[in-house]
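Let me begin by presenting the structure, written as structure tokens, before commenting on it.
The basis for the numbers below is simple: all heavy atoms, side chains too, and nothing from hydrogens, waters or symmetry mates. These numbers come from a predicted model, not from an experiment.
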Amino acid sequence: MRIKKVINNNILCVIDEKGHEMIVAGKGIGFKRKTGERVDETTIEKSYRMEEKSDQRKLRELVEQIPIEHLKLTEDLIESMKAQLNVKLNESLLITLADHISFAIQRKNQGIAFKNPLSGSVMCFYPTEYQLGQQCLKILEERYGITLDPDEASFIALHIVNAELNTDMSEMHDMTNLLDGCVRVTEFYYHKKFDRNSLDFSRFIVHLRYLVQRLYQNKTLEDTQDVNDIMFRELIKRNCKEHYECANRIAAYIETNYDKVISDEEKIYITIHLKRLNILDQPG
């Protein structure tokens, strides 16, 4: 293992025996060291390596800018998340979340607070990830005595969802806005607010989440020409006219604002979930 770059007294960028770049950390590991020298591996306390070369470069740039303690904290937070989630998280979460947490701490120390306009939507659409975000804030307070704005939980949640779906943050914001827009269209159509804590609303949101995910992955359900499927779609249209019309309005909103078209099959499933909400039978 040879030194590629001395980042500071406690961090090195190295090349291992297989030619892979790594970041290694240890007390005094970089003190008076030079590029090309071998590293005493017994002095390494932590090592980090990304599978993607682009992510490895970003990691190297990140450790030059933030305290290594923030990277270690983020690694611990992600390990805790993995134990509670049933999905694989993209490895780049270590980079994006460490960068966000370090910047949030810096802003807190400078008395600067950022508000997340999507905070309410994040709580509603990604409750599990939002709870993990809250856990992160609690751990951060316990370790560093720093109390971040509650909105930071929603920022962290978006990073987690982003790592679940393998998207970038810009796309993640678009997807969340799309979800929020679908709910607003539906509430406007029925002239009422949903009970965010109801099981049927949660089912509806989960379905919308998967729909939006399919839209951005270009994997939406197509209309089959099977006779039974055609008959089923026509049956739903006849028996659930009001809900099907709402599904049409959701589809129109998506097409108009996001230039994405959903099939009749997708609209039928939305209709079924709207029917389960029993909105028309509830007092306004």
Under a 4.0 Å threshold between the charged nitrogen and the carboxylate oxygen, would [Y] count as salt-bridged to [X]?
| X | Y | answer |
| --- | --- | --- |
| R143 | D76 | yes |
| E245 | R249 | yes |
| E266 | K260 | no |
| E51 | R49 | yes |
| R209 | E129 | yes |
| R57 | E21 | no |

Is there a side-chain contact between [X] and [Y] (heavy atoms, below 4.5 Å)?
| X | Y | result |
| --- | --- | --- |
| Y48 | V24 | no |
| I268 | Y244 | yes |
| Q84 | Q135 | yes |

Judged by atom type as modelled, is there a donor-acceptor pair below 3.5 Å linking the side chain of E37 to the main-chain atoms of K34?
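Such a contact is found between E37 side chain and K34 backbone.
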Got a donor-acceptor contact below 3.5 angstrom from the K115 side chain to the D151 backbone?
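It does not hold such a pair.
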Sole residue of D149, T176, N116 in side-chain hydrogen bond (donor to acceptor under 3.5 Å, both in side chains) with S154
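It is N116; the other options fail the test.
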Consider side-chain hydrogen bond (donor to acceptor under 3.5 Å, both in side chains). Of N90, T96, T167, which one does N162 pass it with?
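It is T167, the one option of N90, T96, T167 that forms the side-chain hydrogen bond (donor to acceptor under 3.5 Å, both in side chains) with N162.
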Could you list the residues that satisfy salt bridge (Lys or Arg N to Asp or Glu O under 4.0 Å) with [X], not counting sequence neighbours?
| X | value |
| --- | --- |
| D180 | R184 |
| E255 | none |
| E52 | none |

Kindly compute the distance separating [atom1] ([X]) from [atom2] ([Y]), expressed to the nearest 0.5 Å.
| X | Y | atom1 | atom2 | result |
| --- | --- | --- | --- | --- |
| Q110 | F103 | CD | CZ | 7.5 Å |
| M175 | L208 | CE | CG | 11.5 Å |
| Y144 | I101 | OH | CD1 | 9.5 Å |
| E91 | N166 | CD | CG | 10.5 Å |
| Q106 | I66 | CD | CD1 | 11.0 Å |
| F194 | T186 | CZ | OG1 | 5.0 Å |

Indicate the atoms forming the closest heavy-atom contact of G181 with Y253, along with that distance.
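Answer, listing the atom of G181 first, then Y253: CA-OH, 3.2 Å.
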Identify the two heavy atoms, one from R196 and one from C124, that lie closest to each other, and give their separation to 0.1 Å.
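Scanning both residues completely, I find the closest heavy atoms to be CG-SG, 3.8 Å.
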If only side-chain N and O atoms count, and only distance matters, is there a donor-acceptor pair under 3.5 Å linking [Y] with [X]?
| X | Y | value |
| --- | --- | --- |
| D168 | S170 | no |
| H243 | Y190 | yes |
| N10 | K27 | no |
| H100 | E152 | yes |

Does D259 CG have over 12 foreign heavy atoms under 6.0 Å away?
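Open: at most 12 neighbouring heavy atoms sit under 6.0 Å from CG of D259.
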Residues K82, K88; criterion side chain to side chain contact (heavy atoms under 4.5 Å, CB included); working and verdict
CA-CA 8 Å; K82 288 179 178 178; K88 184 177 180 180; over 6 Å; no
